[in-house]
Amino acid sequence: MFDNPYSTAVLAWYEANARDLPWRRPGASPWSVLVSEIMLQQTPVVRVLPAWEAWMARWPTPADLAAEPSGEAVRMWNRLGYPRRALNLHACARTIVERHGGEVPDSHADLLALPGVGSYTAAAVASFAFGQRHAVLDTNVRRVLARARTGVEYPPKTQTRAEVALAESLVPPEPAVAARWAVAVMELGALVCTARSPACADCPIAGQCAWRLAGKPPYDGPPRRGQTYAGTDRQVRGRLLAVLRESAAPVPKAALDVVWDEPIQRERALDALVADGLVDPLEDGTYALPG
DNA sequence: GAACCGTGGTA
DNA sequence: TTACCAAGGTT
């Protein structure tokens, strides 16, 4: 087996250009890596940095978080978005304490069994925290491979088996090199091979990039539309939860009612938050973050 | 497989 | 201003 045709150039580029992110430092614990990966799901690094610092200062180990009510995790999550991730992280902490002796498991299968941990996050933690050999396929890597190998500007909207097979075919054989490759190619996508205006002049594999060599043909597939937000249940849920986050005490329903005029949608959103375990309806008719 | 799940920055 | 994008996962 040989390393892929990009690895030498990408690894050298990473050595010189990697960001100094706290969860990448030598002393970073597997727990701190897991926290970073959950926080980074669909969320930019610049917004995760302060949240991660505060989280790790308060709950340096899974046991520290597991000892708290889940609502404290939701409150600490603040406005990072997708607050069920806070619930997931809290459930991860309890599972890690109850089933793994308080240590983040190192096997891909055990990681995958944790709530909120899918194939990407399991591979990322196994690779970054434990130095294992896995294909780590996130949105950055998908874009790099689409361009360099497939010759198109953007990957398909949903991940395909062909993309997984391609990513797996490029993983260097040595675990330590594979782990380095995983973080390096991801960083290349984040800093150089970006979605909007890629900096091909700074790219270490520009000479081997199928898309650039084809003259950078523009994307011609179906519209890659993002979800609209204004007026959706998600916006209502966000407002409702914000009220509870900002209140130290349980709030009367009237305090929730004022955040959205339309009662049908408001009730539906509140019911969904309760069903999701993000809101606790108390017996006296008030509402609170879960205990 | 498509829809849903938050929030904020940028062009 | 609207639309897209940001280290995805679950149903």
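Keep in mind the model is a prediction, meaning the values are calculated, not measured. Residue numbers begin at 1 in each chain, while the letters A, B, ... track the order of the sequences. Only heavy atoms go into these numbers, but all of them, side chains included; no hydrogens, no water, no symmetry mates.
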Whole-Å distance between B:dG8 P and A:Trp77 CH2?
14 Å

So A:Leu80, base contact, sugar-phosphate only, or nothing? Heavy-atom distance under 4.0 Å.
base

Interatomic distance, A:Arg239 CZ vs B:dC5 C1' [rounded to whole Å]
17 Å

With the threshold set at 4.0 Å, does a side-chain nitrogen-carboxylate oxygen contact exist between A:Glu174 and A:Arg180?
no

Listed by chain and number, what are the side chain to side chain donor-acceptor pair (under 3.5 Å) partners of A:Trp13, not counting sequence neighbours?
none

Step through the shown structure and confirm whether more than 12 heavy atoms of other residues, nucleotides or ligands are within 6.0 Å of CZ on A:Arg161.
no

Measure the distance from CG on A:Leu89 to P on B:dG6 and round it to the nearest whole Å.
16 Å

Nearest-Å distance for atom pair CZ/P, residues A:Arg268 and B:dC4:
10 Å

How close or far is atom P of B:dC5 from atom CD of A:Gln265, stated in whole angstroms?
10 Å

Grab the CD-P distance between A:Gln235 and B:dC4 for me, whole Å please.
15 Å

Apart from A:Tyr219 itself, its cluster of hydrophobic side chains linked below 4.5 Å comprises A:Tyr154

Mind checking A:Arg234 for me? I need base, sugar-phosphate or nothing, with any heavy atom below 4.0 Å counting as a touch.
base

Between A:Asp276 and A:Arg84, does any side-chain N to carboxylate O distance fall below 4.0 Å?
yes

Quote, to the nearest angstrom, the P distance that separates B:dA11 from C:dA7.
15 Å

C1' atom, C:dT11 versus B:dT7: distance in rounded Å?
22 Å

Determine the Euclidean distance between corresponding C1' atoms of C:dG9 and B:dG1; express it in Å to zero decimal places.
14 Å

Return whichever of A:Thr158 or A:Arg237 has its heavy-atom-nearest nucleotide of DNA chain B closer to the 5' end.
A:Thr158

If I pick the C1' atom on B:dG6 and the same atom on C:dC4, what distance separates them, to the nearest angstrom?
16 Å

Please step through salt bridge (charged side-chain N to carboxylate O under 4.0 Å, His left out) for the pair A:Arg142 and A:Asp138, ending with a clear verdict.
CA-CA 6 Å; A:Arg142 292 183 66 213; A:Asp138 78 325; over 6 Å; no

To the nearest angstrom, how far is A:Arg85 atom CZ from B:dC4 atom P?
19 Å

Would you check if the distance from the ring center of A:Trp31 to the ring center of A:Trp59 is below 6.0 Å?
no

Which letter, B, S or -, goes with each nucleotide of nucleotides 6-11 of chain C from 5' to 3', with contact meaning a protein heavy atom under 4.0 Å?
BBBSS-

